[in-house]
Amino acid sequence: MLNKLLVRGERSGRIVEVEAYRGTQDPASHAFKGPTRRNATMFGPPGHLYVYFTYGMHWCANAVCGAEGIAMAVLIRALAPVAGIDAMRDARPHARKETDLASGPAKLCQALGISGDDDGADLVTGDRGIMILDDGMEPPCKPGISGRVGIRAGAELPWRWWVRESVWVSKPAAH
DNA sequence: CTATAGATGCCCT
DNA sequence: GGGCATCTATAGC
């Protein structure tokens with residue numbers, strides 16, 4: 001998914017940072033203990049958007065990528081803004097710098113206007129105006145690799161990847 | 001630049 | 001009732 005485009009209406013950004021969450025096999029996944037109301041989308045078919053609410057105020061977005069019944073998902077953690085940047089600024093009035101627009105999983109949801117209403121959207125057909133597009137840019141040969149951010153169980157697993165040379169990631173200095 | 005605190009509400013046990 | 005797959009402002013240097 002690195003270097004693919006996340007598109008929401010006129011707004012779009014290039015995915016430069018992701019994390020893997022491996023369902024019932026992963027203690028950090030919302031699906032670790034099996035299906036619940038909140039994680040239902042992750043147990044559905046692949047290619048759909050799983051949006052969850054956290055910390056009392058933030059939305060975060062994942063692409064479901066496991067077969068139906070297998071709750072694998074990829075958290076989208078940062079975007080390099082591509083189009084609709086004025087709309088992103090309007091959606092994030094507190095962002096002072098361009099690099100604050102979408103350099104975090106909740107920031108990018110704010111920037112693109114993604115919320116719980118968008119949970120379950122089909123990212124392949126774009127039925128609800130949100131899709132992931134391949135414009136031909138290759139993923140990086142040697143992405144940055146580290147443990148996942150903001151978790152406790154499973155923190156040592158190297159399941160965060162980012163575009164090394166990108167200034168748009170959530171933690172540019174991390175190695 | 002780093003470190004820290006506080007906001008805030010929903011899910012699940 | 002505990003615990004968040006986070007962000008922002010502020011303080012200090």
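Labels below follow one simple rule: chain letters A, B, ... track the order of the sequence lines, proteins then strands, and each chain is numbered from 1. Only heavy atoms go into these numbers, but all of them, side chains included; no hydrogens, no water, no symmetry mates. What you see is a predicted model; the values in this text were computed from it and never measured.
Ring pair A/Tyr52/A/His30: centre-to-centre distance below 6.0 Å.
Residue A/Tyr52 places a side-chain atom within donor-acceptor reach of the base of C/dA5, judged by atom type and a 3.5 Å distance cut-off alone. With hydrogens and angles left out, the side chain of A/His30 and the base of C/dA5 share a donor-acceptor pair within 3.5 Å.
At the phosphate of B/dC10, neither OP1 nor OP2 sits under 4.0 Å from any side-chain N or O atom of A/Arg38. Contact annotation: A/His94 side-chain N/O to C/dC7 OP1/OP2 distance is not under 4.0 Å.
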Base-pairing string, 5' to 3', of DNA chain B - Watson-Crick or wobble, under 3.5 Å, | interstrand:
|||||||.||||.

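Within the 3.5 Å criterion, the main-chain N or O of A/Ala73 finds no donor-acceptor partner in the side chain of A/Asn62. Looking only at distances, no side-chain donor or acceptor of A/Asn3 sits under 3.5 Å from a matching main-chain atom of A/Met137. A donor-acceptor distance shorter than 3.5 angstrom exists from the side chain of A/Arg38 to the backbone of A/Phe53, with no hydrogens or angles considered.
In the region residues 104-123 of chain A, proximity to DNA chain B at under 4.0 angstrom, judged on heavy atoms, holds for none of the residues. Using a 4.0 Å cutoff on non-hydrogen atoms, the parts of residues 67-93 of chain A near DNA chain C are A/Leu75, A/Arg77, A/Arg92, ordered by number.
In this structure, the aromatic ring of A/Tyr55 is not positioned over the six-membered ring of the base of B/dA7 within 5.5 Å between centres and 30° between planes.
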